[in-house]
Amino acid sequence: MKTKILYFALAIVALALGAASSGFARQSGDGDILQKAINKPSANWTVYGANQKNSAVKDKTVAGGGGMRVEVSQASDKPWEVGAQQAITGKVSKNDVILVAFWAKAEAVDGGAAEANLSAVRVQQAAAPYDAATQGSVKVSGAEWKMYTVPGRASMDIPAGGANVSLHLGSAKQTVFLGPVFVLDFGPDYDLKKLAGG
């Protein structure tokens, strides 16, 4: 059942991208986009770092029915010291256009706005030296689930099973909820500009 929900959510990714780019819908229908996933979409994040607390949450308002709540207790000038990761099972090929799409929401901290700063959203090597094939950043805003996307062109090859998605969370005192993540590989010939508005 969860797998069906997550595949449905991946179809929503296709529709969202199609809305952002009319060319996307012509190049990649819902059935095609399911074949582009190089991870096993889920909200099973591995969270690490000393200055955080995390817990799994059930929530019917997000695809898959749940996520991970991460509370960062203090800001650091080394934001990678608190983070969340998920394995990528497929290979990453240099020059391929990669899209990371994930559900997230924020919780207000100390009377401030409901927002969180993800200073890095990386597709990277899963072991040292942890070089990134793609990298971007995301500002999560609002207490409602939204889909956030980070496109990029892979700068390196990473063999199957040797990559992960890594989110750097330690740049601010903040609370963020992370839902399912999808990593899509569109190959080397896809126009990256079509995903830039995501």
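If you read the sequence from its start, that first residue is 1, and numbering goes on from there.
Legend: salt bridge (charged side-chain N to carboxylate O under 4.0 Å, His left out) pairs involving residues 110-132, not counting sequence neighbours, sorted by first then second residue: Asp110-Lys173. Legend: salt bridge (charged side-chain N to carboxylate O under 4.0 Å, His left out) pairs involving residues 80-89, not counting sequence neighbours: none detected. Residue pairs that meet the salt bridge (charged side-chain N to carboxylate O under 4.0 Å, His left out) test with at least one member in residues 84-96, sequence neighbours left out, do not exist here. Legend: side-chain hydrogen bond (donor to acceptor under 3.5 Å, both in side chains) pairs involving residues 71-80, not counting sequence neighbours, sorted by first then second residue: Arg69-Glu71. Pairs of residues two or more places apart, or lying in two chains, never qualify as salt bridge (charged side-chain N to carboxylate O under 4.0 Å, His left out) while including a residue from residues 147-164.
If you take OG on Ser166 and CD on Gln125, they are separated by 12.0 Å, rounding to the nearest 0.5 Å. To the nearest 0.5 Å, atom OG1 of residue Thr134 and atom CD of residue Gln124 are 9.5 Å apart. Taking CD1 of Ile38 as the start and CG of Leu184 as the end, the distance is 8.0 Å to the nearest 0.5 Å. To the nearest 0.5 Å, atoms NZ (Lys36) and CZ (Phe182) are separated by 16.0 Å. Note: Met68 CE to Leu167 CG = 11.5 Å, rounded to the nearest 0.5 Å.
A heavy-atom distance below 4.5 Å is not found between the side chains of Val70 and Trp45. Within the 4.5 Å cutoff, side-chain heavy atoms of Ser141 are placed close to those of Lys146. Residues Val138 and Phe102 have side chains in contact (heavy-atom distance under 4.5 Å, counting atoms from C-beta outward). Residues Leu99 and Val150 form no side-chain contact, since every pair of their non-hydrogen atoms from C-beta on lies 4.5 Å or further apart. With contacts defined as side-chain heavy-atom distances shorter than 4.5 Å, the pair Leu169/Gln52 does not qualify. Pro151 has its side chain out of reach of Val97: every pair of non-hydrogen atoms, C-beta onward, lies at least 4.5 Å apart. Under the 4.5 Å side-chain criterion, counting only non-hydrogen atoms from C-beta, Val123 is in contact with Val100.
Of the possible polar contacts, none joining the Ser171 side chain to the Ala75 backbone as a donor-acceptor pair under 3.5 Å is found. Under a 3.5 Å cut-off, the side chain of Ser155 and the backbone N or O of Ala133 do form a donor-acceptor pair.
Linking Ile, Leu, Val, Met, Phe, Trp and Tyr residues whenever their side-chain heavy atoms come within less than 4.5 Å leaves Ile88 and Tyr48 in two separate clusters. One hydrophobic cluster, built from ILVMFWY side chains closer than 4.5 Å, cannot hold both Val109 and Phe177; they sit in different ones. Cluster membership check: Val92 does not share its hydrophobic cluster with Tyr130, using side-chain heavy-atom separations under 4.5 Å among Ile, Leu, Val, Met, Phe, Trp and Tyr.
Closest non-hydrogen pair, Ala101 versus Thr149, comes out as CB-CG2, 3.8 Å. Of all heavy-atom pairs spanning Ala84 and Leu178, the tightest one is CB-CD1, 3.6 Å. In plain terms, the two heavy atoms of Ala116 and Ala106 that are nearest each other are N-CB, 3.9 Å. Among all heavy-atom pairs drawn from Ala43 and Gly66, the shortest one is CB-O, 3.6 Å. For Val140 against Ala104, the heavy-atom pair with the smallest separation is CG2-CB, 4.0 Å. Of all heavy-atom pairs spanning Ser93 and Ala154, the tightest one is O-CB, 3.4 Å.
Put simply, the residue from Leu195, Ile98, Asp191 that forms a side chain to side chain contact (heavy atoms under 4.5 Å, CB included) with Phe186 is Leu195.
Here Thr61 pairs with Asp59, Trp145 under the side-chain contact (heavy atoms from CB on, under 4.5 Å) rule; sequence neighbours left out.
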